[in-house]
Amino acid sequence: MDVIKKLAGWIVRQEQVYFLFGFLFLVPNIVLFVTEPLPVIVGIASLMIPLAVWLGVLLLARKPGLVVWCLLPKVILDGGQLVLLYLFGESVIAVDMFLNLTSSNASEASELLGNIFLVIVCVFSFYVLPVLWLACHSVRIREKLTAAFCRKWGAVSACLLAVGVSLCFLSPLQDHRFSLKNDIYPVNALYNLYFAINKSEKNRNYHKTSADFSFRAVKPRQADARREVYVLVVGETSRAMEWSLYGYGRETTPRMKALEGLVYFTDVITQSNNTHKSVPIILSSASAEDYGVIYSEKSIVTAFKEAGFHTAVIANQKLTGSMIGAFYREADTFIDISAMVAGSYLSSPHDEAVLPYLQEELDKTSGDLFVVLHTYGSHFNYHERYPQEFARFKPDKAKGIRAAYKEELRNAYDNAILYTDYFLDRIARSLAATYDCTAMLYLSDHGEDIFDDGRQRYLHASPIPTYYQLHIPYLIWFSDTYRRTYPEKYEAALSHRTTPVSTNSVFHTMLDIAGIETAEKDTTLSLACRTFTAHDRMYLGDHDNPVPFWKTGLKSQDFEMLDKWNIVYSKE
Ligand SMILES: [Zn+2]
């Protein structure tokens, strides 16, 4: 309290308060000036324009503290922006950040919040609270800003604004097209908030905007009319480099390595590092190049349904409210495990919990069957993702997500992969035991950072991805019967093992494996077809725009890893 009293003693005049607010309001801009790769001219404008605006706005009341109280949402936004900058070291609050606030389930949020709680407390104690205290102090000081002071600083603010705006016109000199909604904080953060609200509105209206859509999907019968069963397993937060199948030093995927009929693809890059953007691409004909169709078309579940398959979705992630949930509700049967396990809002069952339901679907239906299994894979908190008997790599109990616990985190992460290996093997065995014509496609929605290099990055869904979040495992297992029935599809898949692939191929590959015909199917995107063509791989930008994945802001450490894992990208 003494410190606060002393501080209050020093700050006795409204003019001092005014300049302090001018500085404090600019703190996020100053940090962004250092972290964002803007050309110098635009960088300077990104400081001058907001400074000019705030110096002007603070003059609207003779006690600047009153203005600050009116701008309370800005002060809170600044706090959030500073938390983000601390966590990721760069970027303005992205659309996905706003959307994740509303789409994460209780368990996911509690796991993450527990870890960033300290950061939030620090930012609020060192930024938000001091600003608000100063605002109270300003209101309490009897003195007011004089008319002469307001005139003088009003003129200064206008001049600064004029210079800042002129600098924007010079941005083409540095090969940059200036845009208020991208380059100036907080306009960019607010635009992202607007974009996010607009997007959740579109999500909410999906059932209306897609109501009249039909794939007109058909499946020509085979000669011997065998039952066909296809399973799509949507993985979570698994990175290819952690699978021994892909060459990782530890034996994390021995069962997949030994599985006959398995084809795995080595050069796969996800189109988004965010579950809520990546999975809709996996489940529909949408892609980073054409994301908007998720609102006008239906999902792969409907395509199979139209083609005469019984469809079932069994999910071990809470997906209500997201596009993923809307897609899953198209199925004949939708089982949400996370909603069924009573009293466990703060933890999720292990992925095996979906298997009895899969078996039930296999047993109770006699016709063709399509099942989507949505797993929790190796999502943080890693050591909660597997039963004790899979704790092969130890110690695996990290006390928090900090670089000091990297060994424990990596061990737990590897154990989770070992468990995924077991889980996939069990599905393949269940399918093989039916002697039906069956196949299973597995891929992860994105990867993960686990304090891998000097950047000390962790988790995923950051505004700018890393190699570790992009390179994912992707595999297809074809049963014995399938390989005998459709040898050409199995052979085609084998021939594409090292072809550059993205997550937008899943929809087309899955339909092609099942022999479903629809105008929406593009065989140049089917890994089970000889005509598969390698495309420049796009990444879905924050405003749902396509960006070549190597131009998303990857750093030298990422390119080193891309080269190490033979990932193809344009080196121009
Ligand atoms: Zn995910």
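Order of appearance sets the numbers: ligands from 1, and atoms from 1 within every ligand.
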I'd like to know if E242 and R250 make a salt bridge, using a cut-off of under 4.0 Å between side-chain N and carboxylate O.
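R250 and E242: not salt-bridged.
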
Counting backbone and side-chain atoms alike, is an N, O or S atom of T275 positioned under 2.8 Å from the Zn ion (ligand 1)?
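Short answer: yes, at least one N, O or S atom is under the cut-off.
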
Taking the Zn ion (ligand 1) as the vertex, what is the angle from OE1 of E236 to NE2 of H446, given to 10 degrees?
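Once rounded, the angle between the two atoms at the Zn ion (ligand 1) is 150°.
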
So if I apply the ring-ring contact (aromatic ring centres under 6.0 Å, His included) rule between Y206 and each of F213, F327, Y295, which one comes out positive?
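By the ring-ring contact (aromatic ring centres under 6.0 Å, His included) criterion, Y206 pairs with just one of F213, F327, Y295: F327.
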
May I ask you to decide if the ring planes of F478 and Y482 are parallel, tilted or perpendicular, using 30° and 60° as cut-offs?
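Rings of F478 and Y482: tilted, 30 to 60°.
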
Are the side chains of R455 and T466 in contact, using a 4.5 Å heavy-atom criterion?
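Yes, their side chains come closer than 4.5 Å.
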
From the N, O or S atoms in D445, identify the one nearest to the Zn ion (ligand 1).
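Checking each N, O and S atom of D445, the shortest distance to the Zn ion (ligand 1) belongs to OD2.
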
